[in-house]
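For the numbers below, each heavy atom of this structure counts, side chains included, while hydrogens, waters and symmetry mates do not.
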Amino acid sequence: LGGQGAISEVMGLPKSSAAIERQKGFHDALKPHPGIRLVAQINGRWLKDEAKLQVAQRTDDLAASDAIFAYNDQMALGTYEALQQALPGNGIKIVGVDALPGDGNGLHSVAEKVLDATMLYPTGGKECIQTAVAILNNQPYQRENILGTLVIDSANVHLMKLQTDKVISQQRDIDR
């Protein structure tokens with residue numbers, strides 16, 4: 001947004017750890033940009049249909065947004081659908097999180113120009129298990145582990161799709 005504009009957020013369940021962490025990261029990222037104001041917060045409960053319903057009820061508020069950040073790609077898609085019905089050709093940028101492969105998910109939606117971007121946000125499952133094993137074995141461990149995030153947009157979505165399609169193909173071969 002070039003440091004100026006209006007943004008809204010479509011959140012998951014407010015008390016869930018993923019929603020708390022994503023909201024913290026989102027608001028921390030906005031702090032250095034006082035020219036960007038938060039217009040609306042909508043609880044999509046992590047679900048596409050719920051986000052679509054809630055967004056449809058708040059389109060007047062969201063019409064003032066230059067961009068909308070949804071805490072997962074499915075809520076981003078529900079947001080897109082509701083806005084297309086209520087405000088066709090609105091030009092509001094929509095960003096989701098998860099970058100899951102496959103039809104109807106984040107990578108496909110960015111490739112089809114439905115979503116403007118999705119964030120690849122690792123779960124940290126491997127790190128969690130490694131830390132638990134270290135604790136159980138009385139070994140040293142890091143108390144905090146920073147997980148990297150990757151923005152996937154029109155510039156790199158085709159590369160990411162190729163990579164995930166290859167992984168899915170290899171998994172099918174393994175299964176077979």
Query - Where at least one partner belongs to residues 11-34, residue pairs that pass side chain to side chain donor-acceptor pair (under 3.5 Å), sequence neighbours excluded - result: E9-H27, S16-W46, R22-D98, K24-D28, D28-K31
Query raised in the report: Do D66 and K93 touch side chain to side chain, with heavy atoms closer than 4.5 Å?
Result: no
Query - Contacts of type ring-ring contact (aromatic ring centres under 6.0 Å, His included), residue Y80, not counting sequence neighbours - result: none
Report task. Using only heavy-atom distances, determine whether the side chains of E81 and Q85 contain a donor-acceptor pair under 3.5 Å. Result -> no
Query raised in the report: Do L47 and I20 share a hydrophobic cluster (ILVMFWY, side-chain heavy atoms under 4.5 Å, transitive)?
Result: no
Query raised in the report: Who else is in V133's hydrophobic cluster (ILVMFWY, side-chain heavy atoms under 4.5 Å, direct or via others)?
Result: I129
Report summary line: Closest non-hydrogen contact found for S8 with V39 is OG-CB, 3.6 Å
Requested in this report: Return the set of residues passing side-chain hydrogen bond (donor to acceptor under 3.5 Å, both in side chains) with K161 (not counting sequence neighbours), or none when no residue passes.
Outcome: none
Query raised in the report: Which atom names give the shortest non-hydrogen contact between N90 and L87, and what distance separates them?
Result: ND2-O, 2.9 Å
Report task. Could I get the full list of side-chain hydrogen bond (donor to acceptor under 3.5 Å, both in side chains) partners for S154, not counting sequence neighbours? Result -> none
Report summary line: Using a 4.5 Å side-chain heavy-atom cut-off and chaining through intermediate ILVMFWY residues, the residues clustered with Y141 come out as I135
Report task. Would you tell me whether Q74 and N105 have side-chain atoms, one donor and one acceptor, within less than 3.5 Å of each other? Result -> yes
**Report entry** Euclidean distance, S169 OG relative to L162 CG, rounded to 0.5 Å
**Finding:** 12.0 Å
Query raised in the report: Quick check: are there more than 12 heavy atoms from other residues, nucleotides or ligands sitting under 6.0 Å from CZ of R58?
Result: yes
